[in-house]
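Every heavy atom of this structure was used, including side-chain atoms; hydrogens, water molecules and symmetry mates were not. Just so it is clear: chains get the letters A, B, ... in the order the sequence lines come, proteins before strands, and each one is counted from 1.
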Amino acid sequence: MIDTSTLDLVGLVDLLKQRSLRAVDVMQACLERIDEAQPRLNAFISIDRAEAMAAAARADWLVARGLGTGPLHGAPLAHKDMFYRQGRVSTCGTSILRSRVAARTSAALQRLDAAGAIQVGALNMAEFAAGPTGHNAHYGDCRNPWNPDYITGGSSSGSGVAVAARLVFGALGSDTGGSVRLPAAMCGAVGLKPTHGRISRYGIMPRAWSMDTVGPMTRTVRDCALLTYVLAGADPRDPECSNEPVPDYLADLARGIRGLRVGRPRSYFCEALDPEVAAALDDSSEVLRSAGAEIVDIELSGVDDLFGLAQIILKAEAYSLHEAWIRDRPGDYDVSIRSPIEDGAHIPAVRYIQALRQRASMLKKFEAQAFSACEVLLTPVFQQRTPTLAASRAENETAATENMQMLPRCTRPFSYLGLPALTVPCGFQSNGLPIGLQLIAPAYQESLLFRTGHALQEATRWHLETPPLCRPLSFP
Amino acid sequence: MSQASASSTVCPPESDVDGTSELQILLKRAERAAADLDFDALPGDFLLAISPSASRSPKAADD
């Protein structure tokens, strides 16, 4: 019998290829868990039971004939409902697109398909990927598996829940200002916002194209390294996708972190820092020090400006996408989603263009400040305790506004800079909700992030804790 | 959620009690941040700055 609570994606694929497990049994177990969890967590918008079981049977048939060689062969995954698949509906979390059938398949799904992964269904998300909490007025709020009264984080809410609750072995999210990192941190999963240009955005719903990224969410850092290796690489259909070579991230993990300098910025990121979050970050720093890293204090200035410039780009680009629908059918938007997008109507062109023109110099300035003294930065993902769903609802205006502003405060600056950032679980609040830390590296240095996060997970057990709503499942 | 046929004119955001909205603060901050912006800086410089070898995917053949 194999206990799924400690089994990650890398381990699962090994067992499937060795024929120690059958893909159909794994899929059946996942579907049973999904059926049990869905009424409480609302992680899925649609579930493709018959297709998933048929794909699992095909995966077993291939392995039996020595043909199942893909790096994700037979693995059950599910994805934020904004990754288009030709002939299928992607709701993008809105009723406006409830019936729109995709005309193309996203590059990310094509790569996962080619690697042998099986898509179990489409995951819940914030309306148009535009909210950081996990609320959704059209498909129902997503619920945190550690305590359903608390938010999941967003906008890739279902992805965070499905991974953390062990419903699937990995998920895709998208991150424009924190939408992978926030739900990963709040649900207790690993999540990557890759370097701008590292993973093709072809065939996904645009949120703000200058900062949109595709990000994997997983149980372990090594799973995230594997998924990133599969997803990354050139794609002529995304004009900003890079030709930079893709390292073997999984193999790189063995290099460890001895001698690596990990920087702890104090200003901005430590303002209004909850004592429990601060303690979790300090403990993680000590773990990394024990693993051979050097922890150094870093002074960073101008981070407020980076946040503000990200807001300008996000609002202006989002409004340009939504203008016609907001004009013609405003009632089809939740007001908490529509209102921040409407701000974009009042951003002068000069401010938007200047925000784009400043991006290169801001990046160079930041890299000179940060990465001359260290190789990796360590910050909180969110400085405070996880808010409740009730406190984040639009009708609770004061608290909701405060949460909307605070939630992406530590994530959005790195979206503006286009730098890679990894979220890793690093502890729990006294109310039982997970805490996540954020690691940031220079552009295209995802390998440094994975090595650091993996070193943390080799020495801790935070990522092995399972939410109380999940009973252990075993395969025959 | 059933006002699909309604239309909307987006009004400027209301000011806070001190007469300054969040958006106005954001725009002021952006204006200040652009004060030292180099005359020759262009939006496309970012892609060159972030990429070690400044290599992008070749343009699609059917573009």
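Annotation: the span from A/Leu356 atom CG to B/Phe46 atom CZ amounts to 10.0 Å, rounded to 0.5 Å. Rounded to the nearest 0.5 angstrom, B/Arg29 CZ and A/Asp304 CG are separated by 4.5 Å. Here the straight-line distance linking atom OG of B/Ser51 with atom CD of A/Glu240 works out to 11.5 Å at 0.5 Å rounding. Interatomic distance, A/Gln311 CD to B/Leu23 CG, rounded to the nearest 0.5 Å: 10.0 Å. The structure places CG of B/Leu26 at 4.0 Å from CD1 of A/Ile312, a figure rounded to the nearest 0.5 Å. Considering OG of A/Ser210 and CG of B/Leu47, their distance stands at 9.0 Å, rounded to 0.5 Å.
Side-chain contact between A/Glu244 and B/Pro52 is present, with heavy atoms from C-beta onward closer than 4.5 Å. You'll find the side chain of B/Gln24 stays beyond 4.5 Å of the side chain of A/His346, heavy atoms only.
The greatest number of non-hydrogen atom pairs below 4.5 Å with chain A, out of B/Gly44, B/Ala34, B/Ala49, is found for B/Ala34. No other option in B/Leu27, B/Asp38, B/Asp36, B/Asp45 has as many heavy-atom pairs under 4.5 Å with chain A as B/Leu27.
Between A/Gly418 and B/Ile50 the shortest heavy-atom distance is O-CD1, 3.2 Å. When all heavy atoms of A/Arg357 and B/Pro43 are compared, the pair lying nearest together is CG-CD, 3.6 Å. Here the closest non-hydrogen pair linking A/Gln358 and B/Ala33 is NE2-O, 2.6 Å.
Contact of A/Thr195 with chain B is made through the side chain alone, with heavy-atom distances under 4.5 Å. Proximity to chain A is limited to the side chain of B/Leu37, based on heavy atoms less than 4.5 angstrom apart. With a 4.5 angstrom heavy-atom cutoff, A/Tyr352 does not touch chain B via any of its atoms. At a 4.5 Å heavy-atom cutoff, A/Ile96 makes no contact with chain B through either its backbone or its side chain. Looking at A/Glu323, neither its backbone nor its side chain comes within 4.5 Å of chain B, counting heavy atoms on both sides.
Counting only distance, with no hydrogens or angles, the side chain of A/Arg351 and the backbone of B/Lys28 share no donor-acceptor pair below 3.5 Å.
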